[in-house]
*Asks:* 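This is the structure, below, for whatever I ask next.
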Amino acid sequence: MLRDLTNRSMIVTLCAAALCAAACKKTDNAAGAGSAAAGGSQGATAASSGGGGSGDKIVIGVLTDMSGPYADFCGKGSELAARMAVADFGGKVAGLPIEVISADHQNKPDVGSSIAREWYDTKGVDVIVDVPTSSVALAVNEVTRSKNKVFLVSGAGTSDLTGKACSPNTVHWVYDTWALSNAAGREIIKNGGDTWFFITVDYAFGAALERDATKIIEQMGGKVLGDVKHPLNAQDFSSFLLQAQNSKAKIIGLANAGKDIINSIKQAAEFGIMAKGQKLAGLLTYITDVNALGLQAAQGLLLSESFYWDRDDGTRAWSQRYAARRDGAMPSMSQAGVYSSVIHYLKAVAELKSAKDGKAVVDKMKAMPTDDPLFGKGSIDPNGRKRHSMYVFEVKKPEESKAKWDYYKLIREVPADQAFRAPADSDCPMTKK
């Protein structure tokens, strides 16, 4: 059954790749050239002193949620971001063409790890990117280490990826549960939100987010009054919201994401919870969630992100190119992270002139400062944590928004040196002397 699912995923992937290549060629000459180079089967091979797992090309695997609760902020948009990075890099690195493939991990660790193993063993994949769903990312993390390949995480959130589960082959790019709690949590507590009740998705991401947020709350003198767990992709949140309401906590912390957080906020509004004085804290809220909710429902929500399309000229220029290929949809921070991480990976491969040794590539990535229009200047810590600024935003009221996707106003920037956990505090064995 798994083989059938994988085969169907690869067929869909090849079709999507062809369509994306055509679209990129039509709308952008550079993107068209890169997509053609990424085609792999068009006869482009190169003798090279370096090389990837297949020997005649570099293969990037976008392993993501194509159809589930996280498809809007990762999914096909993440595949597009990877293809744009390849195109902008020129379609080749170390004398080799670059191919992009993708698959749907269905938010299942066994499916994700099986695809990763097959890609590394038989498809010549050199690097896997994106991978929302922390339980899947943790599984892929171990497969990647065992195969000495590279794993660039943009979609998953658990801080364990740079903590107890850290790997010399993995870089965690966009955000993590510690950074989300540190940015938005501190802002909320500072403004009087000192008692919390958590509604938490019941898998690794939710557990890590609630754990990290609880530490911040207690450090700042706040108190967690209780919590309730819900299954991934839940539809009915009424009983969970009732428990949160009965707790009398000032803040209902939503330790979930995607369709789960959208349903949580929608149903909380229907029950009049905010009107009765309690506030919601969406600890991982993407711009795609706000778009799905609408400003009427989402207005006033405090959230933290590491990327916003309208932050400056560089983010706007890239996001407008991206949106032109996505029916006007602006990129999420995870999709932006795929682009940024692939660009930095390709720079490292170009320096080494080879992608064969995954650990060596990651070491080179750590040694090189990061710099791109989306996240600005940054660095990679010894435990694999990509470091850049985080931002606390408030969702605008409908009358404050000037156009579609004009959703955020900046409350605070958290500098890169404060945004993420210090490596020495991460419990990562690689940081121990």
Side-chain angles (χ1 to χ4, degrees), residues 2-3 5-6 9-10 50-55 57-65 82 99-173 176 203-205 208 338 341-342 344-346 348-349 352 354-367 380-386 423 426-432:
L2 178 58
R3 181 174 296 175
L5 286 171
T6 304
S9 294
M10 295 308 299
S54 64
K57 58 189 173 184
I58 303 295
V59 184
I60 299 168
V62 183
L63 186 56
T64 189
D65 177 1
E99 180 180 2
V100 176
I101 65 174
S102 67
D104 185 348
H105 61 44
Q106 303 171 46
N107 300 299
K108 298 176 181 178
D110 57 338
V111 174
S113 59
S114 294
I115 293 171
R117 190 169 288 106
E118 180 187 10
W119 275 1
Y120 289 145
D121 289 345
T122 69
K123 303 295 183 183
V125 168
D126 300 287
V127 54
I128 289 177
V129 303
D130 199 19
V131 193
T133 311
S134 291
S135 54
V136 181
L138 289 166
V140 173
N141 183 57
E142 290 306 311
V143 176
T144 302
R145 185 207 298 257
S146 71
K147 301 295 183 180
N148 192 26
K149 301 293 186 174
V150 177
F151 183 26
L152 307 178
V153 188
S154 293
T158 177
S159 60
D160 289 345
L161 285 163
T162 54
K164 62 184 181 181
C166 69
S167 163
N169 299 78
T170 295
V171 181
H172 200 178
W173 210 260
D176 61 32
Y203 76 97
F205 161 71
V338 169
S341 64
V342 169
H344 194 66
Y345 168 81
L346 293 175
V349 173
L352 291 174
S354 174
K356 287 183 178 179
D357 184 342
K359 181 181 180 299
V361 175
V362 170
D363 286 344
K364 178 59 69 173
M365 292 176 71
K366 291 177 180 177
I380 300 173
D381 289 340
N383 61 347
R385 175 65 260 167
K386 164 66 163 60
S426 67
D427 294 327
C428 170
M430 295 189 299
T431 65
K432 308 301 179 184

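Since this is a predicted model, take the numbers as computed values, not measurements.
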*Asks:* Tell me, do Ile380 and Trp173 make a side-chain contact under 4.5 Å, heavy atoms counted?
*Replies:*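 SC-SC contact between Ile380 and Trp173 confirmed.
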*Asks:* Search all heavy atoms of Val125 against all heavy atoms of Ile128 and return the closest pair with its distance.
*Replies:*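 Distance-wise, the nearest heavy atoms are CG1-CG1, 4.0 Å.
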*Asks:* Any side-chain donor-acceptor pair under 3.5 Å between Asp130 and Thr64?
*Replies:*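 Asp130 vs Thr64: donor-acceptor pair found between side chains.
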*Asks:* Are any of the side-chain heavy atoms of Pro382 and Met430 separated by less than 4.5 Å?
*Replies:*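 Sidechains of Met430 and Pro382: no contact.
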*Asks:* Is any side-chain heavy atom of Val171 less than 4.5 Å from a side-chain heavy atom of Val153?
*Replies:*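 Not in contact.
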*Asks:* Go through the steps to decide whether Val362 and Phe151 satisfy the test side-chain contact (heavy atoms from CB on, under 4.5 Å), and finish with yes or no.
*Replies:* CA-CA 9 Å; Val362 170; Phe151 183 26; over 6 Å; no
*Asks:* Of all residues at least two apart in sequence or in a different chain, which pass the side-chain contact (heavy atoms from CB on, under 4.5 Å) check with Asp363?
*Replies:*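 Checked Asp363 against side-chain contact (heavy atoms from CB on, under 4.5 Å); matches are Lys359.
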*Asks:* Calculate, to the nearest 0.5 Å, the distance between atoms CG and CG belonging to Asp126 and Asp357 respectively.
*Replies:*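 Result: 11.5 Å between the selected atoms.
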*Asks:* Report the residues that fulfil side-chain contact (heavy atoms from CB on, under 4.5 Å) with Asn107, sequence neighbours left out, ordered by chain and then residue number.
*Replies:*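 Listed in chain order: Asp65, Pro69, Tyr70, His105, Thr133, Leu232.
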*Asks:* Could you measure the distance from the CD atom of Glu142 to the NZ atom of Lys147? Nearest 0.5 Å is fine.
*Replies:*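 So the CD of Glu142 and the NZ of Lys147 are separated by 13.0 Å.
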*Asks:* Enter the distance from His172:NE2 to Ser341:OG here, rounded to the nearest 0.5 Å.
*Replies:*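 Taking NE2 in His172 and OG in Ser341, the distance rounds to 11.0 Å.
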*Asks:* At their closest point, which heavy atom of Pro168 faces which heavy atom of Arg145, and how far apart are they?
*Replies:*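 Smallest interatomic distance, heavy atoms only, reads CD-NH1, 3.7 Å.
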*Asks:* Please find the pair of heavy atoms, one from Ser102 and one from Trp119, that lie closest to each other, and give the distance.
*Replies:*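 Taking Ser102 first and Trp119 second, the nearest heavy atoms are C-CZ2, 3.7 Å.
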*Asks:* Working to the nearest 0.5 angstrom, can you tell me the gap between Ser426 OG and Lys164 NZ?
*Replies:*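 It comes to 12.5 Å.
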*Asks:* Start with the C-alpha distance between Tyr345 and Leu152, add both sets of side-chain angles, then the distance that settles side-chain contact (heavy atoms from CB on, under 4.5 Å), and finish with yes or no.
*Replies:* CA-CA 9 Å; Tyr345 168 81; Leu152 307 178; 3.8 Å; yes
*Asks:* Heavy atoms only: give me the nearest Phe205-Ser134 pair and the separation to one decimal.
*Replies:*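 Looking at all heavy atoms of both residues, the shortest contact is CB-OG, 3.3 Å.
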*Asks:* Please determine, by modelled atom types, if Tyr120 and Thr144 share a side-chain donor-acceptor pair under 3.5 angstrom.
*Replies:*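 There is such a pair between these side chains.
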*Asks:* Whether Lys386 and Asp381 form a salt bridge (side-chain N of Lys/Arg under 4.0 Å from carboxylate O of Asp/Glu) is what I want to check.
*Replies:*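 Salt bridge flag = no for Lys386 with Asp381.
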*Asks:* Kindly give the heavy-atom pair with the smallest separation between Gly112 and Val136, and that separation in Å.
*Replies:*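 That closest heavy-atom pairing would be CA-CG1, 3.9 Å.
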*Asks:* Quick check for you: to the nearest 0.5 Å, what is the distance between Asn383 atom CG and Thr170 atom OG1?
*Replies:*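 Between Asn383 CG and Thr170 OG1, I get 11.0 Å after rounding to 0.5 Å.
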*Asks:* Do you know the tightest heavy-atom contact between Ala82 and Val62?
*Replies:*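 In this case the closest contact between Ala82 and Val62 is CB-CG2, 3.8 Å.
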*Asks:* With rounding to the nearest 0.5 Å, note down the distance linking NZ in Lys366 to CZ in Arg385.
*Replies:*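 If I round to the nearest 0.5 Å, the distance is 12.0 Å.
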*Asks:* The test is side-chain contact (heavy atoms from CB on, under 4.5 Å); show your working for Ile60 and Ile101 and say whether it passes.
*Replies:* CA-CA 6 Å; Ile60 299 168; Ile101 65 174; over 6 Å; no
*Asks:* Walk me through whether Leu161 and Asp176 qualify under side-chain contact (heavy atoms from CB on, under 4.5 Å).
*Replies:* CA-CA 9 Å; Leu161 285 163; Asp176 61 32; over 6 Å; no
